Every structure is written in C-alpha cells, then in structure tokens.
2 protein chains.
Amino acid sequence: MREFKRKSRILLVDDNAEHLRGIKELLTLETSYDIAGTTTSANIGINLVKKYRPEIVIMDINLPEKDGLQAIQEIEKLGLGTKVLVLSGYDDPDLIYRAMKVGAKGYVLKTMSSAQLVYAIDEILSGKYYLPSALSSKFFEHFQQSFREESEVSDEENLLTYLTSREEEVLELLTQGNNYKGIAGKLFISETTVKTHVNNIFQKLQVNDRTQAVLYALNNGFGKKIRAKISA
Amino acid sequence: MREFKRKSRILLVDDNAEHLRGIKELLTLETSYDIAGTTTSANIGINLVKKYRPEIVIMDINLPEKDGLQAIQEIEKLGLGTKVLVLSGYDDPDLIYRAMKVGAKGYVLKTMSSAQLVYAIDEILSGKYYLPSALSSKFFEHFQQSFREESEVSDEENLLTYLTSREEEVLELLTQGNNYKGIAGKLFISETTVKTHVNNIFQKLQVNDRTQAVLYALNNGFGKKIRAKISA
DNA sequence: TTTGATTTAAATCTAAAGATTGAGAAAATC
DNA sequence: GATTTTCTCAATCTTTAGATTTAAATCAAA
C-alpha cells in the first residue's frame, strides 16, 4: 500500500548526533520515507519545519531540557498540520502527559523495536494518534490525577456551601463584574438589600472585599463550573 | 498464573437484561472471576458496590442517558479503589473522553471479542489502564481539541498585551486579592503610584473596576496561566 | 403555633476605590 | 542628543464599597 503513495517527508530532531544517524539509517531503509532533514537543535528544527514542511517530525525529548515540549507547541502554532512523534528515553507519566497536551500525535520509547517505530509513524501519518499500551496507561495516571486534585478542593470545608440561594445569586452576579446598582437592577431589589447580602457573603467566605469573594468563588468551583488549577 | 490468585469479584451493570446474561455467561467461564452481582440500574449498581466491594465494575454506558458517567463518578467518590471498565456500544470521542475523565480505568466496545474483554479486565485488575488503540486515538482527538480552544482565546486582540511590565505586576497582585495598600507595600512604591497604575490598567483593559480587571485577566490567560474553559 | 432562617430594607458612618490633572526622573528608543 | 515611554508621586475630588445596627415580612419546620 505505502509503496504507491507519495513519499512522506520526515524531519528528525535529536540532540544526540549518534542517535540521530542511527534513526536516519533505519528510516532510509523504508522506501516510503524521505528524510527531509536532521538536526540536533530544537530551534533549528522549528525553522526546518517552516522550510521543508515535513509531514511528520520525530523529536527527542530530554527530561532536563524542556525545550522539546516548547518546540512541539511552536510547531503546532504554525498551523501547518505537521505531526509530531515524540521519541524519548523516559516513560515519565508527567512528561508523556505534557507532550500529548502540547500537541504530540504520539510518544514512543527509544528502547522500542524499529518495526514498532515504523508502525507508529504510519499510524500517525494516516491521521491517528499512537501511544503504546504501557505509555497510555501512564498517561491516564497523570490525566486522572489532575482531576482528582480538582474535586478534592470542592469536597468539604467549602465555605460556598454555607451560602443561601439568594446569596448565591448575588455572588454569581459579582463574578460577572456587577456593582451594587447592577445587581440591584437585575434582581429587582434595592441597593441596600444587595449590600446586606454582600456583607453576609463576605462573612461566610471570610473575605474582606468583592474581589476576594469572586476569587474564592472561582477557585472553589462556584456553580459547578470546573476550572483547572493553575498549571505551568 | 491467574488460577493461583484469589478470585476477582466482578459487578456487571447493563440496562439490557439480555446483554447482561450474555456477558455473565461469558465471564463465568473464566475460573478466576467471581460474578458478585448483576443489575440493570446504575443506582442499584452503586449500592451493590458498597455492599459487595467488587474489584471491578463492568458498566454499560448509553449515549442518551448520562447516568453511567455520573455512576462512575459516584463510585470513585466512595474511595473503595473499585475499578470501572466501561463497556459501550458507542465510540464517540466525547463519551470516551468524559468516561476517562470521571475515573474509568478502561473503555471497550461491545463489538469486541470475548478474549479482548478478558484481556482488558486482567490489565485493569493488575492496576493498569486499558484503552484499545482505536479508542485511544479518538480520546486524544478530544483531549487536544480542548486545549486548542483555550489557546485560541489568547490569540490576538488580547488587551493584556498592551500592559507594561509594571502594570502586569500590579495586575498580578490584584488577582491575588490585594488592595492599594497591600500592593504598595509589596512593590515598595507609594499608594498613589499604585492608583495611577491601576487606573491605567482599567483604561487599557476597558473595564470600570478591579473586579472586572481581575476577571478579564483570569479569562484571558493572564501570565501564561492556562485555565480551562467553563465546562459542564 | 411558635421558632429560626431567609429575604427584604433603611439609616448612618468610615474607609477604600476610582477619576483627573500635573509633573519630575529614569530608561528605552530613535 | 532628542524624543518617547515608563515609572514614580502628589493633591483633590467624587463615588462606590463596606461595616454596623435595626427591623419588618415571609416561610419552612418543629
């Protein structure tokens, strides 16, 4: 099948020059591939993507240097539809998670067989994602962990639960940037009543002003609206 | 290997009674499994989890009824370490994504072979996650899509880009709930200077008060801090 | 039916926030 | 070297926010 298609341009990025040569030799054996270029620098790699428009970039990621992740992100930003396959020596759940998060189409280990690598490349070239079963499992460890942390916040000791339904309505309008007059108008009550509610909200949430109240609401899953925690 | 372990208790939840019997017969052939119970109701299923403490729950999910997803979430909340394997007739990316998000350990289709189902169960019982390659690919479609929507927000026309570095510092402290005095103290400048900065921030962000400024900042990816969009 | 919580409201006061103008010093840019 | 931003600060003023007290009407529950 592959023999009848146009050759797929591949760009190799790996800061280990020897490793780079090894992969290149391995892939040149495949008649359907065309090695568009190789480089040991992530930044040069981005420029080569702009220049040669490869279908796929095989990129090494080292745990100490985070350049690889950022490079993937920048390649994605170009909007050229370039697919990135991560070839890493680490099966760290966090690294796998972040690589997929920034847009990688696959993640394989350097210890895998050449046949597996070719399979991964073909899967990705055909528009699919590819993550080996073992790495997929590690990915989900991290994926679900990030949501568990969220729901732990809105467990108990959430001061929002002490609010009455009317106070929730007032807080909702506060989180939309309304002042006293705006809230009074929207709830058809007097401004002084709104002040009473707002003061009660402050006491219950143990804050001093509306900005702190709004921040508390947003950070504690107000109105079942889930917000991701601040992440690097 | 499995023959020497204690039998694993399995709970089956499927609103199709016939299907339920079929799976039950299939799994009773496996000597290492012990069917702890079967039910066609998600709510009864949760109670059976509390009662029999199965190692694994095999749960059907229908697209129209969202009860299944909520049931998974509630089983997770129990904190009994019960693993949930979704057995669904749909390979919808959104459904797969949400099932894994709420805590499922695996997701397989009803069309799969019995050997594959047994393999999935064993993988999950051994502490891994299991998602077949084809479904894994669909999962990542949705996963990466959700992040692409985020970065589109902070594209252009982001008024935050007009802020000077000092104004960014002030805004950062505003988003932490500080008042004028607090900001002045932390930046070692006078309170009047802070007022000047804040007023400039208001003009640049086209808002009227600090709460609106803070909300604008949080909703437009202030300081590269990524926040998920409001999701149901 | 009475108790307790909620919602509504007013009056008063202090403190903080916000608008505006003007202006000097430093730093970056041209 | 001249120009423009940026950062700093002050003074003044108006408005809004927030604290506190008191209290009436409503409503659900004991």
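Naming convention: chains lettered A, B, ... in sequence-line order (proteins, then strands); numbering from 1 in each chain. Predicted, not measured: the structure shown is a model, and the values here were computed from it.
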**Item:** DNA chain D contacts made by residues 195-202 of chain A, counting heavy atoms under 4.0 Å
**Value:**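 Heavy-atom cutoff 4.0 Å gives A/K195, A/N199, A/F202.
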**Asked** Has A/K24 got more than 12 heavy atoms of other residues, nucleotides or ligands less than 6.0 Å from its NZ?
**Response**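 Open.
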**Spatial distance of atom NZ (A/K110) from atom CD1 (A/I61) [nearest 0.5 Å]** =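 The NZ atom of A/K110 sits 10.5 Å away from the CD1 atom of A/I61.
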**Message:** Once rounded to the nearest 0.5 Å, what's the spacing between atom CG of A/D14 and atom OG of A/S41?
**Reply:**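 Answer for the CG-OG pair, A/D14 versus A/S41, is 12.0 Å.
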In whole Å, what is the span from the [atom1] atom of [X] to the [atom2] atom of [N]?
{"X": "A/L171", "N": "C/dT7", "atom1": "CG", "atom2": "C1'", "value": "17 Å"}
{"X": "A/E191", "N": "C/dT12", "atom1": "CD", "atom2": "P", "value": "17 Å"}
{"X": "A/Y162", "N": "C/dA5", "atom1": "OH", "atom2": "C1'", "value": "16 Å"}
{"X": "B/I189", "N": "C/dA26", "atom1": "CD1", "atom2": "P", "value": "17 Å"}

**Prompt:** Heavy atom of residues 178-188 of chain A under 4.0 Å from DNA chain C: which residues?
**Reply:**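 Of all residues in residues 178-188 of chain A, none places a heavy atom under 4.0 Å from DNA chain C.
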**Asked** So which of residues 204-215 of chain A are in contact with DNA chain C, with a heavy-atom cut-off of under 4.0 Å?
**Response**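 Output list: empty, so none.
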Are side-chain heavy atoms of [X] and [Y] found at a separation under 4.5 Å?
{"X": "B/R210", "Y": "A/D209", "value": "no"}
{"X": "A/Y97", "Y": "A/Q145", "value": "no"}
{"X": "A/Y216", "Y": "A/I201", "value": "no"}
{"X": "A/L171", "Y": "A/L160", "value": "yes"}
{"X": "A/V194", "Y": "A/L187", "value": "no"}
{"X": "A/I72", "Y": "A/V86", "value": "yes"}

**Message:** Can you identify which nucleotide, out of D/dT6, D/dC9, C/dT8, has its nearest atom closest to the B/T164 side chain?
**Reply:**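 Of the options given, the side chain of B/T164 lies nearest D/dT6.
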**Asked** Who passes salt bridge (Lys or Arg N to Asp or Glu O under 4.0 Å) against B/K195, sequence neighbours left out?
**Response**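 Expected list: none.
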**Asked** Between B/R21 and B/E18, is there a side-chain N and carboxylate O pair less than 4.0 Å apart?
**Response**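 Salt bridge: no.
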Kindly list each side-chain donor-acceptor pair under 3.5 angstrom involving residues 47-55 of chain B, sequence neighbours excluded, with atom names and distances?
unit_1: B/R53; atom_1: NE; unit_2: B/K50; atom_2: O; d: 3.4
unit_1: B/E55; atom_1: OE1; unit_2: B/R9; atom_2: N; d: 2.7
unit_1: B/E55; atom_1: OE2; unit_2: B/R9; atom_2: NH2; d: 3.4

**Request:** Name the nucleic acid region contacted by B/T192, choosing base, sugar-phosphate or nothing; use a 4.0 angstrom heavy-atom cut-off, strictly under.
**Result:**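 Base contact.
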**Sugar-phosphate only, base, or nothing, as touched by A/T193 at under 4.0 Å among non-hydrogen atoms** =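 It contacts base atoms.
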**Request:** Would you please confirm or rule out a distance under 4.0 Å between OP1 or OP2 of D/dA10 and any side-chain N or O of B/S190?
**Result:**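 Affirmative; the distance criterion is met.
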**Message:** Please check this pair: side chain of A/K204 against backbone of A/Y162, looking for a donor-acceptor N/O pair closer than 3.5 Å.
**Reply:**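 Side chain of A/K204 to backbone of A/Y162: a pair is present.
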Where do N or O atoms of nucleotides 25-30 of chain D meet protein N or O atoms at under 3.5 Å, pair by pair?
none

